[in-house]
Amino acid sequence: MRGRAGAVALLAVLAAGCGSTAGGGGAPPAEVQAAARERAAAVARAWPGSPQEQVWRTGYAPLDVPPEWLPADAFHDDADKQAYAAGRLVLTGGLPQTLSGRAQVRWADGAELSLPLRSADAVFRGLVAAGKPCGGDCGRPLEVTGAQPGTREVATSRGRAEIPVWEFVVAGYAAPFVYPAVEGQLPPPEVPQASRDLEGVLRAVGPAVSADGRTLTASVGHGSCERPERAEAYETDAAVVLIALARPTAGPGTACDAALRMSPVDFRLERPLGGRVVLDLWTGAPELPREGPGGPSQGGPGGR
(Lines give C-alpha, C1' and ligand atoms only; values in the text may rest on other atoms or scores of the structure.)
Protein backbone atom coordinates (compact mmCIF):
# COMPACT_ATOMS: atom_id res chain seq x y z
CA MET A 1 0.00 0.00 0.00
CA ARG A 2 3.00 2.31 -0.06
CA GLY A 3 3.70 4.43 -3.18
CA ARG A 4 7.36 4.78 -2.25
CA ALA A 5 7.70 0.98 -2.19
CA GLY A 6 6.60 0.86 -5.82
CA ALA A 7 9.23 3.42 -6.79
CA VAL A 8 11.96 1.45 -4.99
CA ALA A 9 10.82 -1.75 -6.67
CA LEU A 10 10.93 -0.08 -10.09
CA LEU A 11 14.48 1.11 -9.51
CA ALA A 12 15.49 -2.38 -8.43
CA VAL A 13 13.97 -3.88 -11.57
CA LEU A 14 15.64 -1.27 -13.74
CA ALA A 15 18.97 -1.97 -12.10
CA ALA A 16 18.48 -5.68 -12.69
CA GLY A 17 18.02 -4.99 -16.39
CA CYS A 18 20.99 -2.68 -16.54
CA GLY A 19 24.34 -4.17 -17.55
CA SER A 20 27.25 -3.19 -15.35
CA THR A 21 30.04 -3.57 -17.84
CA ALA A 22 33.33 -1.98 -16.88
CA GLY A 23 36.26 -1.74 -19.17
CA GLY A 24 36.86 -2.36 -22.83
CA GLY A 25 35.03 0.47 -24.53
CA GLY A 26 34.08 -1.72 -27.48
CA ALA A 27 30.74 -2.28 -29.17
CA PRO A 28 28.15 -4.62 -27.60
CA PRO A 29 28.74 -8.26 -28.63
CA ALA A 30 26.75 -9.45 -31.62
CA GLU A 31 25.46 -12.46 -29.66
CA VAL A 32 23.92 -10.13 -27.06
CA GLN A 33 22.11 -8.21 -29.79
CA ALA A 34 20.88 -11.50 -31.27
CA ALA A 35 19.64 -12.67 -27.86
CA ALA A 36 17.81 -9.36 -27.36
CA ARG A 37 16.08 -9.66 -30.72
CA GLU A 38 15.10 -13.25 -29.95
CA ARG A 39 13.66 -12.13 -26.62
CA ALA A 40 11.77 -9.26 -28.29
CA ALA A 41 10.28 -11.68 -30.82
CA ALA A 42 9.08 -14.00 -28.01
CA VAL A 43 7.52 -11.10 -26.10
CA ALA A 44 5.73 -9.75 -29.19
CA ARG A 45 4.57 -13.21 -30.21
CA ALA A 46 2.95 -13.85 -26.81
CA TRP A 47 0.78 -10.71 -26.90
CA PRO A 48 -1.93 -11.29 -29.58
CA GLY A 49 -4.90 -13.16 -28.12
CA SER A 50 -3.39 -13.31 -24.62
CA PRO A 51 -5.42 -12.63 -21.45
CA GLN A 52 -3.31 -9.49 -21.04
CA GLU A 53 -4.34 -8.15 -24.44
CA GLN A 54 -8.01 -8.83 -23.74
CA VAL A 55 -7.92 -6.85 -20.47
CA TRP A 56 -5.81 -4.11 -22.07
CA ARG A 57 -8.43 -3.55 -24.76
CA THR A 58 -11.71 -4.24 -22.97
CA GLY A 59 -11.05 -4.42 -19.20
CA TYR A 60 -9.62 -2.25 -16.43
CA ALA A 61 -5.84 -1.88 -16.74
CA PRO A 62 -4.80 1.13 -14.62
CA LEU A 63 -1.58 2.96 -15.44
CA ASP A 64 0.48 4.76 -12.81
CA VAL A 65 -2.38 4.61 -10.31
CA PRO A 66 -0.94 5.16 -6.82
CA PRO A 67 -1.86 2.74 -4.03
CA GLU A 68 -2.83 5.82 -2.01
CA TRP A 69 -3.51 9.54 -2.33
CA LEU A 70 -2.10 11.23 0.77
CA PRO A 71 -2.97 14.75 1.95
CA ALA A 72 -0.66 17.54 0.84
CA ASP A 73 0.43 18.07 4.44
CA ALA A 74 1.17 14.42 5.22
CA PHE A 75 2.88 13.98 7.51
CA HIS A 76 2.70 16.54 10.34
CA ASP A 77 5.79 15.14 12.05
CA ASP A 78 8.12 12.14 12.12
CA ALA A 79 5.93 10.40 14.71
CA ASP A 80 2.96 10.37 12.29
CA LYS A 81 5.18 9.23 9.43
CA GLN A 82 6.64 6.38 11.48
CA ALA A 83 3.22 5.30 12.69
CA TYR A 84 1.85 5.17 9.16
CA ALA A 85 4.85 3.23 7.82
CA ALA A 86 4.48 0.75 10.69
CA GLY A 87 0.75 0.28 10.08
CA ARG A 88 -0.06 1.70 13.51
CA LEU A 89 -3.62 2.76 12.74
CA VAL A 90 -6.37 2.67 15.34
CA LEU A 91 -10.03 2.67 14.30
CA THR A 92 -11.95 4.97 16.66
CA GLY A 93 -15.03 5.45 14.47
CA GLY A 94 -17.27 3.36 12.28
CA LEU A 95 -16.57 2.30 8.70
CA PRO A 96 -19.19 1.79 5.97
CA GLN A 97 -20.63 -1.70 6.41
CA THR A 98 -20.36 -2.74 2.76
CA LEU A 99 -18.42 -6.01 3.07
CA SER A 100 -18.87 -7.21 -0.51
CA GLY A 101 -20.49 -6.20 -3.75
CA ARG A 102 -19.67 -4.57 -7.04
CA ALA A 103 -18.48 -1.11 -8.08
CA GLN A 104 -18.45 0.71 -11.40
CA VAL A 105 -15.47 2.01 -13.36
CA ARG A 106 -16.64 4.66 -15.84
CA TRP A 107 -14.80 5.94 -18.91
CA ALA A 108 -15.26 9.34 -20.55
CA ASP A 109 -17.00 7.79 -23.58
CA GLY A 110 -19.73 6.35 -21.36
CA ALA A 111 -18.37 2.80 -21.15
CA GLU A 112 -18.75 1.11 -17.76
CA LEU A 113 -17.33 -1.99 -16.13
CA SER A 114 -18.54 -3.66 -12.94
CA LEU A 115 -15.72 -4.92 -10.68
CA PRO A 116 -15.53 -6.49 -7.20
CA LEU A 117 -15.55 -3.82 -4.50
CA ARG A 118 -12.82 -3.71 -1.86
CA SER A 119 -14.63 -2.86 1.34
CA ALA A 120 -13.43 -0.04 3.57
CA ASP A 121 -12.74 -2.64 6.25
CA ALA A 122 -10.55 -4.67 3.87
CA VAL A 123 -8.59 -1.55 2.91
CA PHE A 124 -8.08 -0.64 6.58
CA ARG A 125 -6.91 -4.15 7.48
CA GLY A 126 -4.58 -4.12 4.50
CA LEU A 127 -2.98 -0.89 5.69
CA VAL A 128 -2.35 -2.36 9.12
CA ALA A 129 -1.00 -5.65 7.71
CA ALA A 130 1.33 -3.84 5.30
CA GLY A 131 3.09 -2.04 8.13
CA LYS A 132 6.83 -2.55 8.30
CA PRO A 133 8.55 -3.49 11.57
CA CYS A 134 10.27 -0.58 13.26
CA GLY A 135 13.00 -0.56 15.84
CA GLY A 136 12.43 1.19 19.14
CA ASP A 137 9.67 3.77 19.31
CA CYS A 138 7.26 3.28 16.39
CA GLY A 139 5.47 6.54 17.05
CA ARG A 140 1.99 7.15 18.39
CA PRO A 141 -0.86 5.46 16.47
CA LEU A 142 -2.88 7.42 13.92
CA GLU A 143 -6.60 7.54 14.68
CA VAL A 144 -8.96 6.68 11.82
CA THR A 145 -12.33 8.16 12.74
CA GLY A 146 -14.31 7.03 9.70
CA ALA A 147 -14.47 6.69 5.92
CA GLN A 148 -16.75 7.62 3.07
CA PRO A 149 -16.99 6.62 -0.61
CA GLY A 150 -15.63 8.90 -3.31
CA THR A 151 -14.18 8.84 -6.81
CA ARG A 152 -10.87 9.66 -8.50
CA GLU A 153 -9.93 9.98 -12.15
CA VAL A 154 -7.07 7.74 -13.25
CA ALA A 155 -5.22 6.80 -16.44
CA THR A 156 -5.99 3.39 -17.95
CA SER A 157 -5.13 1.54 -21.14
CA ARG A 158 -8.52 2.70 -22.50
CA GLY A 159 -8.13 6.35 -21.54
CA ARG A 160 -9.14 8.33 -18.46
CA ALA A 161 -11.61 6.64 -16.15
CA GLU A 162 -13.39 7.42 -12.92
CA ILE A 163 -12.91 4.78 -10.23
CA PRO A 164 -14.46 4.37 -6.77
CA VAL A 165 -12.27 5.09 -3.75
CA TRP A 166 -12.48 5.14 0.03
CA GLU A 167 -11.70 8.44 1.73
CA PHE A 168 -10.42 7.77 5.25
CA VAL A 169 -10.71 10.50 7.86
CA VAL A 170 -7.58 10.63 10.04
CA ALA A 171 -7.60 12.69 13.24
CA GLY A 172 -5.59 15.89 12.88
CA TYR A 173 -5.78 16.01 9.06
CA ALA A 174 -8.30 18.16 7.20
CA ALA A 175 -7.97 16.25 3.91
CA PRO A 176 -8.68 12.50 3.70
CA PHE A 177 -6.29 9.63 3.08
CA VAL A 178 -7.66 8.06 -0.14
CA TYR A 179 -7.37 4.48 -1.44
CA PRO A 180 -8.69 2.68 -4.57
CA ALA A 181 -11.78 0.56 -3.92
CA VAL A 182 -11.20 -1.65 -7.00
CA GLU A 183 -8.14 -3.48 -8.30
CA GLY A 184 -6.76 -3.74 -11.83
CA GLN A 185 -7.52 -6.86 -13.86
CA LEU A 186 -4.27 -7.12 -15.84
CA PRO A 187 -2.80 -10.62 -15.36
CA PRO A 188 0.95 -11.37 -15.41
CA PRO A 189 2.49 -11.65 -18.89
CA GLU A 190 2.65 -15.15 -20.34
CA VAL A 191 6.31 -14.97 -21.33
CA PRO A 192 9.29 -16.93 -19.99
CA GLN A 193 11.66 -15.26 -17.55
CA ALA A 194 14.42 -13.32 -19.28
CA SER A 195 17.64 -15.32 -19.59
CA ARG A 196 21.14 -14.37 -18.48
CA ASP A 197 22.07 -14.03 -22.16
CA LEU A 198 20.63 -10.51 -21.94
CA GLU A 199 23.43 -9.15 -19.75
CA GLY A 200 24.36 -5.83 -21.34
CA VAL A 201 20.79 -5.18 -22.56
CA LEU A 202 19.24 -2.09 -20.99
CA ARG A 203 15.64 -1.38 -20.01
CA ALA A 204 13.65 1.36 -21.74
CA VAL A 205 10.68 2.80 -19.82
CA GLY A 206 8.14 5.62 -20.06
CA PRO A 207 8.05 5.94 -23.86
CA ALA A 208 6.79 9.18 -25.38
CA VAL A 209 5.51 9.15 -28.96
CA SER A 210 6.27 11.88 -31.46
CA ALA A 211 3.58 13.81 -33.32
CA ASP A 212 4.00 11.66 -36.45
CA GLY A 213 4.01 8.42 -34.44
CA ARG A 214 7.34 7.36 -35.93
CA THR A 215 9.65 7.95 -32.95
CA LEU A 216 9.45 6.71 -29.36
CA THR A 217 11.63 8.51 -26.81
CA ALA A 218 12.18 6.39 -23.71
CA SER A 219 14.24 6.67 -20.53
CA VAL A 220 16.99 4.06 -20.57
CA GLY A 221 18.65 2.94 -17.32
CA HIS A 222 22.40 2.36 -17.37
CA GLY A 223 25.46 2.29 -15.14
CA SER A 224 28.10 4.94 -14.56
CA CYS A 225 30.65 3.28 -16.87
CA GLU A 226 28.40 2.64 -19.86
CA ARG A 227 26.01 4.37 -22.20
CA PRO A 228 23.03 3.25 -24.30
CA GLU A 229 24.03 1.98 -27.73
CA ARG A 230 22.26 0.54 -30.80
CA ALA A 231 18.72 1.55 -29.94
CA GLU A 232 16.24 -0.30 -32.13
CA ALA A 233 12.58 -1.28 -32.15
CA TYR A 234 11.33 -4.79 -32.84
CA GLU A 235 8.00 -4.38 -34.64
CA THR A 236 5.03 -6.56 -35.51
CA ASP A 237 1.51 -5.68 -36.61
CA ALA A 238 0.35 -5.82 -32.97
CA ALA A 239 3.32 -4.75 -30.84
CA VAL A 240 6.58 -2.83 -30.54
CA VAL A 241 9.44 -3.91 -28.24
CA LEU A 242 12.32 -1.49 -27.54
CA ILE A 243 15.93 -2.74 -27.46
CA ALA A 244 18.95 -0.79 -26.21
CA LEU A 245 22.40 -2.27 -25.64
CA ALA A 246 25.10 -1.06 -23.28
CA ARG A 247 28.42 0.24 -24.58
CA PRO A 248 31.25 0.41 -22.00
CA THR A 249 32.78 3.88 -21.64
CA ALA A 250 35.65 3.17 -19.22
CA GLY A 251 38.88 1.24 -19.42
CA PRO A 252 39.95 -1.75 -17.31
CA GLY A 253 40.38 -1.00 -13.62
CA THR A 254 38.01 1.96 -13.63
CA ALA A 255 35.91 2.30 -10.47
CA CYS A 256 32.21 2.32 -11.41
CA ASP A 257 29.59 3.22 -8.82
CA ALA A 258 26.30 1.35 -8.50
CA ALA A 259 24.03 4.37 -9.04
CA LEU A 260 21.48 4.06 -11.83
CA ARG A 261 21.54 6.73 -14.55
CA MET A 262 18.58 7.48 -16.83
CA SER A 263 19.19 8.82 -20.34
CA PRO A 264 16.61 9.71 -23.02
CA VAL A 265 16.97 7.57 -26.14
CA ASP A 266 15.09 7.79 -29.44
CA PHE A 267 13.76 4.63 -31.08
CA ARG A 268 12.79 5.10 -34.73
CA LEU A 269 9.84 3.02 -36.02
CA GLU A 270 9.39 1.73 -39.54
CA ARG A 271 5.79 2.98 -39.52
CA PRO A 272 3.61 5.03 -37.13
CA LEU A 273 2.82 3.36 -33.82
CA GLY A 274 -0.94 3.70 -34.29
CA GLY A 275 -2.89 1.27 -32.11
CA ARG A 276 0.03 -1.06 -31.49
CA VAL A 277 1.09 -1.72 -27.91
CA VAL A 278 4.61 -1.09 -26.55
CA LEU A 279 5.83 -4.11 -24.57
CA ASP A 280 8.66 -4.22 -22.04
CA LEU A 281 11.51 -6.41 -23.28
CA TRP A 282 12.23 -7.83 -19.82
CA THR A 283 8.78 -8.45 -18.36
CA GLY A 284 6.49 -8.50 -21.41
CA ALA A 285 4.21 -5.99 -19.68
CA PRO A 286 2.49 -3.32 -21.80
CA GLU A 287 3.11 0.42 -21.52
CA LEU A 288 0.94 3.24 -22.83
CA PRO A 289 3.10 5.85 -24.62
CA ARG A 290 2.66 9.31 -23.20
CA GLU A 291 2.43 12.54 -25.11
CA GLY A 292 5.75 13.60 -26.56
CA PRO A 293 7.11 17.14 -26.93
CA GLY A 294 6.20 17.25 -30.59
CA GLY A 295 2.49 16.63 -30.29
CA PRO A 296 -0.29 14.44 -28.92
CA SER A 297 0.03 10.73 -28.28
CA GLN A 298 -1.33 8.27 -30.83
CA GLY A 299 -3.47 6.78 -28.08
CA GLY A 300 -3.39 3.32 -26.59
CA PRO A 301 -4.70 0.04 -27.90
CA GLY A 302 -8.43 0.08 -27.65
CA GLY A 303 -8.88 3.14 -29.80
CA ARG A 304 -9.21 6.04 -27.39
Side-chain angles (χ1 to χ4, degrees), residues 1-10 55 59-108 110-188:
M1 302 292 294
R2 305 290 187 263
R4 56 186 174 280
V8 171
L10 175 60
V55 171
Y60 173 52
L63 305 169
D64 299 325
V65 175
E68 59 203 357
W69 288 270
L70 298 180
D73 60 346
F75 292 93
H76 289 170
D77 51 36
D78 286 341
D80 280 4
K81 186 175 182 179
Q82 291 173 15
Y84 187 77
R88 288 173 56 80
L89 306 175
V90 176
L91 185 61
T92 61
L95 295 178
Q97 294 303 303
T98 303
L99 299 180
S100 63
R102 311 286 293 183
Q104 298 296 316
V105 175
R106 296 182 173 87
W107 281 267
E112 294 187 0
L113 183 65
S114 177
L115 295 177
L117 173 71
R118 294 181 67 214
S119 69
D121 180 68
V123 172
F124 178 80
R125 287 186 285 105
L127 287 169
V128 174
K132 298 179 180 178
C134 59
D137 183 10
C138 293
R140 61 181 178 270
L142 292 176
E143 294 185 15
V144 176
T145 62
Q148 62 182 14
T151 60
R152 284 291 188 279
E153 189 177 274
V154 301
T156 79
S157 62
R158 298 165 58 186
R160 305 294 296 181
E162 184 180 83
I163 67 167
V165 298
W166 291 113
E167 300 178 348
F168 282 71
V169 180
V170 178
Y173 291 85
F177 287 52
V178 181
Y179 306 90
V182 292
E183 296 180 335
Q185 299 176 295
L186 200 64

Specify the closest pair of heavy atoms between [X] and [Y], including all atoms of both residues, with the distance to one decimal.
X	Y	result
Tyr173	Pro71	CD2-CG, 4.4 Å
Leu63	Ser157	CD1-N, 3.8 Å
Pro116	Val182	O-CG1, 3.7 Å
Trp107	Arg160	CD1-O, 3.4 Å
Leu186	Ala61	CD1-CB, 4.2 Å
Phe124	Val90	CZ-C, 4.3 Å

Return the [atom1] to [atom2] distance between [X] and [Y], rounded to the nearest 0.5 Å.
X	Y	atom1	atom2	answer
Gln104	Glu162	CD	CD	11.0 Å
Leu95	Thr145	CG	OG1	9.5 Å
Ile163	Glu153	CD1	CD	10.5 Å

Donor-acceptor pairs under 3.5 Å, side chain of residues 164-172 to any protein atom, not counting sequence neighbours: which ones?
| unit_1 | atom_1 | unit_2 | atom_2 | d |
| --- | --- | --- | --- | --- |
| Trp166 | NE1 | Arg118 | O | 2.6 |
| Glu167 | OE1 | Gln148 | NE2 | 3.1 |
| Glu167 | OE2 | Arg152 | NH1 | 3.4 |

Taking the side chain as every heavy atom from C-beta outward, state whether Phe177 and Val123 have any atom pair closer than 4.5 Å.
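No - every pair of side-chain heavy atoms lies 4.5 Å or more apart.
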Kindly indicate whether the side chain of Arg106, heavy atoms from C-beta on, has any atom under 4.5 Å from the side chain of Thr151.
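No, side chains not in contact.
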Using side-chain contact (heavy atoms from CB on, under 4.5 Å), reason through Asp77 and Arg140 one step at a time and then give a plain yes or no.
CA-CA 11 Å; Asp77 51 36; Arg140 61 181 178 270; 2.8 Å; yes
